[in-house]
Amino acid sequence: MLDLNLIREDAKAVTEKLKKRNYEVDFTELLLWDKERRELLVKVENMKAERNRTTEEISRLKKEGQNAEEKVSEMKRLGDEIKQLDEKEGALDEKIKDFIARLPNIPADDVIAGGKENNKMISTYKERPNFSFKIKDHVELATTLGLIDYERGVKMAGAGFWAYIGTGAILEWALLNYFVETHIKDGYEFILPPHILSYESGFTAGQFPKFIDDVFKVESEEDTVRFLLPTAETALINFHRNEILDEEDLPKKYFSYTPCYRKEAGSYRKEERGMIRGHQFNKVEMFQYTTPETSDAALEELIKKAEDLVRGLGLHFQTSKLAAEDCSASMAKTYDIEVWIPSMEIYKEVSSSSNAKDYQARRGNMKFRRKTDKKVEYIHTLNASGLATSRIIPAILEQYQQEDGSVIVPEVLRKWVGVDVLKPKK
RNA sequence: GGUGAGAUGACUGAGCGGUUUAAAGUGCUAGUCUCGAAAACUAGAGUAGGGGUAACUCUACCGCGGGUUCAAAUCCCGCUCUCACCGCCA
């Protein structure tokens, strides 16, 4: 959520900055509402002050046994008027808050304007693998190696679902073990959160109200909405909602493993077959709560951690800095790590590392107290996948495939997988 | 699922229509005293939003939302959560 003061002070500048992400907004109406609301506030607060004074007077008169009837009826009239103005002010306040809640975050100054086409590749690891034979895609490999059952996944749940079977499940679990082990070693606290969250949690993350149709709602009795989390970030951002933390307790570093549930409505494409885009996938998510002055450095740390995980697997990947429009609505700055999928000849995201700055903190009312002057300020929040498996498995299968249809297991995973090479079933 | 009790500031805890601008204690921060500390004493200290160049001042907040009243932490209704006991259950 953006700071209303920012818009009051220089609406034009905010409009300009949001244009970087191709977001058009006109604040004229909002500023009128705000002006009207503030005028109402002054008026109604003066009336309340008057009521408070008179109430004390009535109290005193009664105690002295004097007649207070006249004052009482006067206050009755004033009370009615206050109630009316209060309601008006409340309605305006609601309108203003809703308007602001729908605005995306302002891109950081160093973020390039425009859409996807302006994403900037900043580094790569390893060369693109060259194959001297005709390569298979990951769907074929996963099927012939007996790792994933796509057909039965669809039978059980419909399109966009699959099942890990046998060694495939073991490989998936090995990846998760590898991620978890690394994060624990790096001093991040492991949290297994609830998977079904409340509306409030979705609001803080920035999912709601705008993107409520992108999630699976599981319960909607009257006004309670619960939904399956689309990423563990949605849970972790709410861990400290409505809290004031101490500066010396920062940064808070967490990570979670959860499946992620996404509707992905209408986003299916032919080339995204297999497990490139599903309604449910496994992901380990890193998360940090930091002070404003340390959040940039924290973002660097998160990116490096995510890159190290992919490097550890020996996969060819690139890291890109996203242009403004490609950053999700809550984020001021985002870097993607994209792994090479040989059969598609494209890079696919396996990790997204972002700094939300104070955008989510405002939505969830999360602050910290300065050690020096005891003042409270909004905290900064950051998240990064570390990592999502649903594209790592295709990348491993395809990048490590051999001519005979077998696949070499990355060394770091062998202690869990138990074999060095995955061989086709006869 | 049932019954009962409860939710007050950093914490413990009083208040149950109008001397509450929320008692008292603990803890916290300054200061006095001290070589230093402890003790004692003095003062200060929440969050949010307005107004004012400023000193300052006003409003709201006693789990959340409504209601009654001239006036609500206090009375009424709904909700949420916590605790205890009972039932059911992996």
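Residue numbering restarts at 1 for every chain, and letters A, B, ... go by the order of the sequence lines.
Taking atom NZ on Lys35(A) and atom C1' on rG51(B), their separation rounds to 15 Å, with Å as the unit. Whole-Å rounding puts the Leu61(A) CG to rA71(B) C1' distance at 13 Å. We find that CZ of Arg241(A) is positioned 13 Å from C1' of rC64(B), with the value rounded to whole Å. Atom-to-atom, CG of Asn242(A) to C1' of rA10(B) comes out at 17 Å; the value is rounded to the nearest Å. For the pair Met75(A) CE and rU69(B) P, the computed distance is 16 Å after rounding to whole Å. Put simply, CG on Asn46(A) is 8 Å from C1' on rG51(B), counting in whole angstrom units. Atom-to-atom, CG of Leu41(A) to P of rC61(B) comes out at 14 Å; the value is rounded to the nearest Å. For Arg77(A) and rA71(B), the CZ to P distance is 13 Å, given to the nearest whole Å.
Atom name C1', nucleotides rA72(B) and rC83(B): the rounded distance is 27 Å, in whole Å. rG13(B) sits 29 Å from rG2(B) when the P atoms are compared, rounded to a whole Å. rC77(B) sits 15 Å from rU68(B) when the P atoms are compared, rounded to a whole Å. Rounded to a whole angstrom, the distance from the C1' atom of rC16(B) to that of rU26(B) is 25 Å. Atom C1' of rU69(B) sits at a distance of 12 Å from the matching atom of rG18(B), rounded to the whole Å. With both ends at atom P, the span from rG63(B) to rA7(B) equals 8 Å, rounded to whole Å. If you take atom C1' in rA60(B) and the same atom in rG4(B), they sit 34 Å apart, rounded to whole Å. rG27(B) sits 37 Å from rG66(B) when the C1' atoms are compared, rounded to a whole Å.
Geometric assessment of Lys252(A) against the ring of Phe239(A) yields a negative cation-pi assignment under the 6.0 Å and 45° thresholds.
Listed candidates were rG67(B), rG18(B), rA71(B). Nearest to the side chain of Ile58(A) is rG18(B). Nearest to the side-chain atoms of Arg37(A) among the listed nucleotides rC70(B), rG49(B), rU47(B) stands rG49(B). Closest to the Lys83(A) side chain, of the nucleotides rG67(B), rG18(B), rA71(B), is rG67(B). The Asn52(A) side chain lies nearest to rA60(B) when the options are rU68(B), rG50(B), rA60(B). For Lys48(A), whose side chain is taken as the heavy atoms from C-beta onward, the closest listed nucleotide among rA60(B), rA48(B), rG46(B) is rA60(B).
Remark: rU53(B) base-pairs with no nucleotide in the shown strands. Criterion, Watson-Crick or G-U wobble with two distances under 3.5 Å. Pair check for rA24(B) finds rU12(B); Watson-Crick or G-U wobble, both atom distances under 3.5 Å. Base pairing of rU34(B): no nucleotide in any strand meets the Watson-Crick or G-U wobble criterion (both distances under 3.5 Å). With a cut-off of 3.5 Å on both pairing distances, the Watson-Crick or G-U wobble partner of rA7(B) is rU80(B). Nucleotide rA39(B) forms a pair with no other nucleotide shown, judged by Watson-Crick or G-U wobble geometry with both contacts under 3.5 Å. Within the shown strands, rA48(B) is the pairing partner of rU59(B) under the Watson-Crick or G-U definition, both distances less than 3.5 Å. Look at rU19(B): it lacks any Watson-Crick or wobble partner with both distances under 3.5 angstrom.
Phosphate contact (OP1/OP2 of rG51(B), side-chain N/O of Arg38(A), threshold under 4.0 Å): present.
Side chains of Asp336(A) and Ser352(A): a donor on one and an acceptor on the other come within 3.5 Å. Donor-acceptor pairing under 3.5 Å is lacking for the side chains of Asn119(A) and Ser320(A).
Comparing Glu87(A) and Thr54(A), the nucleotide of RNA chain B nearest to each residue sits closer to the 5' end for Thr54(A). Residues Val376(A) and Lys71(A) each lie close to RNA chain B; by heavy-atom proximity, the contact nearer the 5' end of the strand is made by Val376(A).
Backbone-only engagement by Lys367(A) is indicated by non-hydrogen atom pairs under 4.0 Å involving sugar-phosphate atoms exclusively. Heavy atoms of Arg362(A) sit nowhere under 4.0 angstrom from any nucleic acid atom. No engagement by Arg53(A) is indicated, since no non-hydrogen atom pair under 4.0 Å with the nucleic acid exists.
Remark: Lys83(A) does not engage Asp80(A) in a salt bridge, criterion side-chain N to carboxylate O under 4.0 Å. Classification of Lys95(A) and Glu36(A) as a salt-bridged pair fails, no side-chain N sitting under 4.0 Å from a carboxylate O. For Glu293(A) and Arg370(A), the salt-bridge test passes: some basic side-chain N is under 4.0 Å from an acidic carboxylate O.
On a pure distance criterion of 3.5 Å, a polar donor-acceptor pair joins the side chain of Glu45(A) and the base of rG49(B).
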I would like to know whether Glu140(A) and Gln401(A) meet side-chain hydrogen bond (donor to acceptor under 3.5 Å, both in side chains); could you show each step before the answer? CA-CA 11 Å; Glu140(A) 192 180 346; Gln401(A) 64 179 301; over 6 Å; no
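Of the residues Phe287(A), Phe255(A), Tyr254(A), the one that meets the ring pair (Phe, Tyr, Trp, His ring centres under 6.0 Å) test with His183(A) is Phe255(A).
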